[in-house]
Every structure is written in C-alpha cells, then in structure tokens.
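Start at 1 and go down the list; that is how both ligands and their atoms are numbered. Values reported hereafter were calculated over all heavy atoms of this structure, with side chains retained and with hydrogens, waters and symmetry mates removed. One is the number of the first residue; the rest follow in order along the sequence. Please read all numbers here as calculations on a predicted model, not as lab measurements.
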Amino acid sequence: MAVPLFDTSTPLAALRPRLLEVMQEVVEDGRYILGPNVSAFEQEFAAYCGAGHGIGVGNGTDALTIALRALGVGPGDEVVVPSFTFYASAEAIPPTGATPVFCDVDPDTFCVTPETVKAVMTPRTKAVIAVDLFGNVAPVREIEALGVPVVEDAAQAAGTTYVHGRPGGLGTIATFSFFPSKNLGGFGDGGMITTNDAEIADRVRMLRFHGSYDKVTYQHVGYNSRLDELQAAILRVLLPQLDGWADGRRAAGRHYAEAGLGELVTLPQPSPGADPAWHLYVVRHERADDLAGALEARGIGQKAYYRVPIHRQPAMAGLGAGADLPATEEVARTHLAIPMSAVLDADQAAEVVAAVRGFAAGA
Ligand SMILES: *Cc1c(COP(=O)(O)O)cnc(C)c1O
C-alpha cells in the first residue's frame, strides 16, 4: 500500500458544498479586497490564537517582513533567525534593510532556544524570528526575557497547543501562512499577523496598505499585501475544523510511536509544555538519504526539506560564512519527513513503519 507524504484533499471532501456556497456569495457580493469576510476572519483567527488583533496579509513571507517593519527593524539592525527552517524565515529580513544573523537549534525539538539565540546576540540585535518548526513551539517568552522582541514564525504551527496558550498569542507579534499545504490552508496564498499590542497592530494595518493610515496620506513606504476576501471566506469555513484536524495529526504521531517507529529512528520531541499539531513529521537517521531511497521504492512518501540549511544557500552565502551551527548541520544531514496528515490512520502508519523496519533489517 502506497502512503502519500501528505493528504490535503480528503479532509476537505465533506466541506465542498459549503466552500462552493461561500465562494459564490463573495462573487455575488462583489467586495474582493478588505471586505467583510477579511474583517470577520481576522477577529475569529486572533480569538482562536488568544491574541487581541489579527491582520490579514498576502502570504506568510510578507507577514514576516511587515511584522519586522512594525517593530521598527531597519537598516543597520540585526535580526536573529534559525538557519534550519524554510528559506522564507530568513528571506523576509533583507527587504527591511536589516541583516540576518543565523543561530543554532535544539536538535530534538528543531526549534531555537534562549541559549542558541543568546550566543549570537549583539548590541545591534533588534529582533529575533523564532520559528515553531514542524508544528513544535519555540520558547518565545524565555527568548523575550533576554530583552529583545520576538516575531514568532508560526506558519507551520496552527492548531498546536502550549502551556502558555497557542502559537500566535505567545509573544509580541506572530505570523502565519495559509499556503494550501499548511495546517490551515486556503485555496491560494494568504497570511496573518497576530499581536496583543494595539499600536503594533495599527502599524501593521498601515504597512499592508501602502504605508497609509487613511488611504489619503502616505506616511511610509509600505506594501500592497492583503488577505483576499475569497480566501478569507474559505478560511472561515475551515477554521472550525482546525482543532479536529490537529487532533488527527497528533493521533498520526501516536500511531507511529505505537507501531514501534521510535526503535528504528529518532522521533521528533515536543517542546516542554507543547502538544504539537505536527505539520511535517520529521524523524532523524544517520543514513537519511538511503532511508529515503528505500521508502521511495516501497511507495512511501518522504522528503528532506532542508538538506542545505539557509546559511549555506547561495543567496545567503555572504551572511552565513562565519556561522558555527553544529546542531543545524547535524539535523540538516539526518532529517527526513515521512507521511503526515490529519487523516493518516493506524494502518498507513504501520505500513510506513514496516518499510522503515525493512530498511533497517537490510542495512
Ligand atoms: C510556509 C512558511 C513561510 C512562508 O509562508 P508563505 O505563505 O509561503 O509566504 C514562512 N515560514 C515558515 C516556517 C513556513 O513554513
């Protein structure tokens, strides 16, 4: 039995009639930019996260750049960011004029820690991007206790719960992506910024509309980056499903553990106090590429997402040259994502584990 790397269509099947209905409503209503669905979804999503304000933007990458700008990040500043994450986490920094400074991660949680951040902080550090990687949670409060604001990149962590609340409500400001494959995905690009700070929220709203508070006077060079009305209408149908889908992702993780996967590879560890809605289920193995080949031969989806960490990507080569990131190098070399979705069942998990066992036996 083949098992795909992810399954975004099965969970949507039963919702199709309602989704088509709300899309038709938007078409008939005719308000496509910053309409009633965007306002409503901003409030509903912020409330879900336990944040006071939500501001819809064009995508999760713009969300990061705009969040940094709203914190006052600009030329001459440094922003600390992990190298082991999706490229956009770091790519969002240079457009502000600031310089990315790469930090290491905890290899068990894949997230930054106060120690890895502190190791690279300088007097020029203006902000930290802490990524909730793979649905796990970065210790946002503990990092802010170092005296620097955190932009929580929660693009992969919608649906996760944590001892201090939910991603999006943990620190100064947080960002989300509604790219179709994320835990809460729309039918195109979309993003959101959440914050509890009313002044920061005002600046974000200004920046997403060309740097203008009143659409008459242009105070700043901003962005044209909004969540579409059509996407907002779709996401309002999907948000009430998120907790159920998150439980499905947790159950999939349990199916793997119960089938004995932990005896064969290193399993991802939830951060202390976190109950992750695994976005990707990423295991580690010394011979990750060989394991990938063996799984591929058996029809099991797998992918090494970040084999070349960001500080060694061509575009960042000048910035990452001096970086000493031993845990990043280790997890970049050994990680492998295996099938994960809201609907991955015990039989599929057993099939994946049998394939890993077959590889281990032949190795
Ligand atoms: C997907 C993702 C982004 C970017 O989101 P887009 O909507 O694709 O721009 C940023 N950071 C992380 C960690 C992501 O996974």
Regarding Thr122 and Glu78, do their side chains bring together a donor and an acceptor under 3.5 Å, going by distance alone? yes
List ligand 1's nitrogen or oxygen atoms that come under 3.5 Å of a protein nitrogen or oxygen, with the partner atom and distance.
unit_1   : atom_1 : unit_2 : atom_2 : d
ligand 1 : 5 (O)  : Ser177 : OG     : 3.4
ligand 1 : 7 (O)  : Gly60  : N      : 2.7
ligand 1 : 7 (O)  : Ser177 : OG     : 2.6
ligand 1 : 9 (O)  : Asn59  : OD1    : 3.4
ligand 1 : 9 (O)  : Gly60  : N      : 3.3
ligand 1 : 9 (O)  : Thr61  : N      : 2.9
ligand 1 : 9 (O)  : Thr61  : OG1    : 2.5
ligand 1 : 11 (N) : Asp153 : OD1    : 3.3
ligand 1 : 11 (N) : Asp153 : OD2    : 2.8
ligand 1 : 15 (O) : Gln156 : NE2    : 2.8
ligand 1 : 15 (O) : Lys182 : NZ     : 2.6

Considering residues, nucleotides and ligands other than Arg333, do more than 12 of their heavy atoms fall under 6.0 Å from its CZ? yes
Would you list the pairs meeting ring pair (Phe, Tyr, Trp, His ring centres under 6.0 Å) in which at least one residue belongs to residues 56-82, sequence neighbours left out? none
From the list Asp202, Asp197, Thr195, side-chain contact (heavy atoms from CB on, under 4.5 Å) with Glu199 holds only for Asp197
Would you mind checking if Glu21 and Arg18 are paired as a salt bridge, meaning a charged N to carboxylate O distance below 4.0 Å? yes
Does any part of the side chain of His311, heavy atoms only, come nearer than 4.5 Å to the side chain of Glu329, both counted from C-beta? yes
